[in-house]
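Let me begin by presenting the structure, written as structure tokens, before commenting on it.
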Amino acid sequence: MSRKVVVKINDQGFNARTGEILLDAALDQGIAVPHDCRAGQCGTCLVRLKRGVLLGGDTSQPGLFHACQAHILSDADITFEKLPPVGERRGVVTAIENLAPDILGVSIQTERRLRHRPGQYYRVKFRGYPARCFSPAPPFAGRSAANVAHFHIKIVRGGRVTPNLGSVIALGHKVVLEGPFGAAFFRPGDGRRLVLVASGTGFAPIWAVAAASLRTQPEVPLLLIAGARKLSSLYAVPALCRLALYPRASFIAATEDADRHAPSEIIRPGTPLDHLPPLLETDLVYAAGSPKLVDAVAKKAAEVGATFFADAFVANPPEEPTWLESLRQTLALARKGLSASPRLAGNTAHAHSDDAR
Ligand code: FES
């Protein structure tokens, strides 16, 4: 039988019933706990339990729970970090560039300024297409305006969205950004070493965290490990060169085909995990990219009790376009005088389902 308990969230108290989902109970009271997927996946709803008992929603970090999965079992005292509010921003595509044969840099300018923490992500909806999640990253050189977001997007063969970038989705295409979401964002620290690990376009949120740290706390040690399957996809090199200017920052780039090229101290063969140094309990560890990599880094961090934040990229299932969508795309291509298999120059490799981010 459920009973009445008192829950305090960020010092705002309210009555709840045992068994209630914490997120639902908070939202019912008008307490805007940030959330997105409601499925324990995105980490946007992470809260810290200071006192009391929750059932479910626990994470590898003691005291850290997914509010969307946690059932209230007793009186509780809970906190969460205040984040920029989730909202919608309308914008247009203002630039598309090749970062690598299979990766595009896409810039979107919005009507109003964007507010997100470095490492968070948006749900990006190009007009006429389903939404996909991408993390904005700072440009490799210079700074961008507050109403411009730069995304690193892998072109995925068979995807419903990314193969159309640069052809049907061209400059001026209308976009809606919803967000920001995600909990793997930069937290100005207490001098603790940052260990940042990325695979593929997981480099976008990791670079956002790295750039924020270099800007605000250049004296803090930072190690960035970036990986790509192929040397040709290692688009992170310009950013890694920028890290070289900071004496407290170091980086490793790893590619699985590095053996076939000239291996060096900087570009090493293997995956980022192969080059992860022993972690320390005091480290702040971030990982983004393939779930396999993120899980492996999470385990290493948990072994020593290091603080860990993750942004796993889960692929959207491949879907057949509706007949209406197919017709719309074909007509749009015909209007632009393009063939039905749009490609940007240099595209050579694709995966088989649309990337989530
Ligand atoms: S809203 Fe709880 S994990 Fe996404």
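Since the model is a prediction, treat every value here as computed from it, not as a measurement. All values below were derived from every heavy atom in this structure, side-chain atoms included, with hydrogens, water molecules and symmetry-related copies excluded. Each ligand, and each atom within it, is numbered from 1 in the order the structure gives. Along the sequence shown, residues carry numbers from 1.
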Within less than 2.8 Å of atom 2 (Fe) of ligand 1: protein N, O or S atom count: 2
Non-neighbouring partners of R17 that pass side-chain hydrogen bond (donor to acceptor under 3.5 Å, both in side chains), sequence neighbours left out: S2
Ionic contact status for R187 with E81, cut-off 4.0 Å: yes
Side-chain atoms of residues 85-92: list all donor-acceptor pairs with protein atoms under 3.5 Å, sequence neighbours left out, distances to 0.1 Å.
| unit_1 | atom_1 | unit_2 | atom_2 | d |
| --- | --- | --- | --- | --- |
| R89 | NE | R113 | O | 2.8 |
| R89 | NH2 | R113 | O | 3.2 |

Residue pair A254 / L234: nearest heavy atoms and the distance that separates them: O-CD1, 4.4 Å
Atom CD of E281 with >12 non-hydrogen neighbours under 6.0 angstrom: no
For E178, all residues meeting salt bridge (Lys or Arg N to Asp or Glu O under 4.0 Å), sequence neighbours excluded: R123
